[in-house]
Amino acid sequence: MASFDIAEAAGTGYRQAWAERRYLIRLAMVPFLIKLVCFTAAVQLGWEHNLLRLSIIMMPSYLADGWMLAHLVRLVLLDQRWPFRPTGDTGRDMHVLQDRALGVMRGMVMFAASRFLLGGVTAALSMLSQQGMLEYESQEVSGGTFVATMAMLVFMFWGFRLLWLYIPAAVNYRVIPLLRSIRGFGTSLHLIGAWLLCFVPLFIVLGMVMSVLGASVTEGQASAGTLFIAYTLKLLWDTVIGIVATIAIADGFRQMFSGGSRRSRS
């Protein structure tokens, strides 16, 4: 079972995100604006609660976020910053530039594909859940619906690792051999644990900030301006979570494939 120190990985996520905050603001500015435009369009069309349609309209945002996070991965694992700064050695610069371009492209596409897949799987699980509720209310419970729901949950637990394949892709690491080496279910526990350590504290902070806007946001009685602020904060939170979690999971992969945590090697 591939494993890593989830507390160390999450701590690395917070520390490096804070240390690189100026660089990350520049890197994330355009992807965040694209995300805001895409989500605003989804709200105007009334698609924000339709997961499949939302995934389609958010595809430009997924690609932009993938571009940003691929560059972040290359900073964390290879110490390469955006934009590329030539050294003057044409041959070496071209080799490095081609490797970076290929890695960023792979990471970007892998990230967008994983988020689109996540939207489809979540929509399918939601439909199965609604079907189960209807069958329960009509007292005609179907075993097939229960089995399908459980199978979907097991797949989502195991498949959590698929959401992070953009990390090895961004550094041109072969994905199939990596999946073979982390095929056990225990790897998902470590990945989920690291993600939760990044997600939960920032989610609590978001809840505290959102409470300032008042209960009208959740009750559907807010003004258009208040809703826009609320949506912007949620999208900003999503971007911050993506950055911190990407650093943490990238550090987790580094631990798994370099013989353990830095703490154990020191």
Side-chain angles (χ1 to χ4, degrees), residues 1-20 23-24 27 62 65-82 84 92 95-115 117-118 154-199 240-266:
M1 177 189 71
S3 62
F4 59 92
D5 187 328
I6 62 175
E8 181 182 341
T12 299
Y14 286 107
R15 287 193 302 271
Q16 191 160 2
W18 178 253
E20 298 286 353
Y23 170 75
L24 292 174
L27 188 66
Y62 296 157
D65 278 352
W67 174 88
M68 171 190 70
L69 295 176
H71 277 292
L72 176 59
V73 169
R74 294 188 72 87
L75 171 64
V76 173
L77 298 181
L78 302 177
D79 197 28
Q80 293 181 355
R81 293 179 180 273
W82 172 86
F84 174 72
R92 183 175 180 276
H95 175 74
V96 173
L97 190 58
Q98 289 173 359
D99 182 75
R100 288 180 61 156
L102 181 60
V104 170
M105 181 65 69
R106 286 175 171 173
M108 180 174 67
V109 172
M110 190 68 74
F111 178 85
S114 67
R115 289 313 179 269
L117 175 64
L118 177 64
V154 171
F155 172 75
M156 290 185 71
F157 177 79
W158 180 89
F160 187 76
R161 69 199 64 195
L162 301 179
L163 298 178
W164 308 100
L165 292 184
Y166 66 90
I167 292 176
V171 292
N172 293 314
Y173 193 95
R174 290 182 296 172
V175 171
I176 300 302
L178 181 138
L179 283 176
R180 292 197 187 105
S181 64
I182 60 172
R183 59 183 177 271
F185 274 82
T187 302
S188 291
L189 285 174
H190 285 80
L191 292 173
I192 291 172
W195 176 76
L196 285 175
L197 286 178
C198 298
F199 176 86
V240 173
I241 284 287
I243 289 172
V244 175
T246 293
I247 298 173
I249 301 299
D251 186 74
F253 279 132
R254 175 163 50 193
Q255 291 183 38
M256 285 191 287
F257 297 105
S258 61
S261 68
R262 298 188 204 86
R263 192 182 306 150
S264 65
R265 295 196 299 272
S266 59

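- The two residues V175 and A169 make their nearest non-hydrogen contact at CG2-CB, 4.5 Å.
- Note that CZ of R115 and CG of D65 are 8.5 Å apart. Values are rounded to the nearest 0.5 Å.
- A salt bridge (charged side-chain N to carboxylate O under 4.0 Å, His left out) check over residues 73-82, counting only residues at least two apart or in different chains, returns the pairs E20-R81, R74-D99.
- Counting only distance, with no hydrogens or angles, the side chain of S188 and the backbone of F157 share a donor-acceptor pair below 3.5 Å.
- Every residue two or more places apart in sequence or in another chain was checked for a ring pair (Phe, Tyr, Trp, His ring centres under 6.0 Å) with F155, and none qualifies.
- In this structure, R180 CZ and L178 CG are separated by 11.0 Å, a value rounded to the nearest 0.5 Å.
- Distance alone, capped at 3.5 Å, places no donor-acceptor pair between the Y62 side chain and the A113 backbone.
- Y173 places no side-chain N or O within donor-acceptor distance of the main-chain N or O of I167, the cut-off being under 3.5 Å.
- Looking only at distances, no side-chain donor or acceptor of T246 sits under 3.5 Å from a matching main-chain atom of I243.
- For the atom pair CD1 of I249 and CD1 of I192, the computed distance is 10.0 Å after rounding to the nearest 0.5 Å.
- Residues W164 and F253 share a closest heavy-atom pair of O-CE1, 3.8 Å.
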*In sequence, state the C-alpha distance, the side-chain angles, and the governing distance for L191 and F4, and then conclude on side-chain contact (heavy atoms from CB on, under 4.5 Å).*
CA-CA 9 Å; L191 292 173; F4 59 92; 3.9 Å; yes
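- Between L162 atom CG and L118 atom CG the span is 10.5 Å, to the nearest 0.5 Å.
- For the atom pair CZ of F111 and CH2 of W67, the computed distance is 13.5 Å after rounding to the nearest 0.5 Å.
- Taking the side chain as every heavy atom from C-beta outward, V76 and T12 never approach each other to under 4.5 Å.
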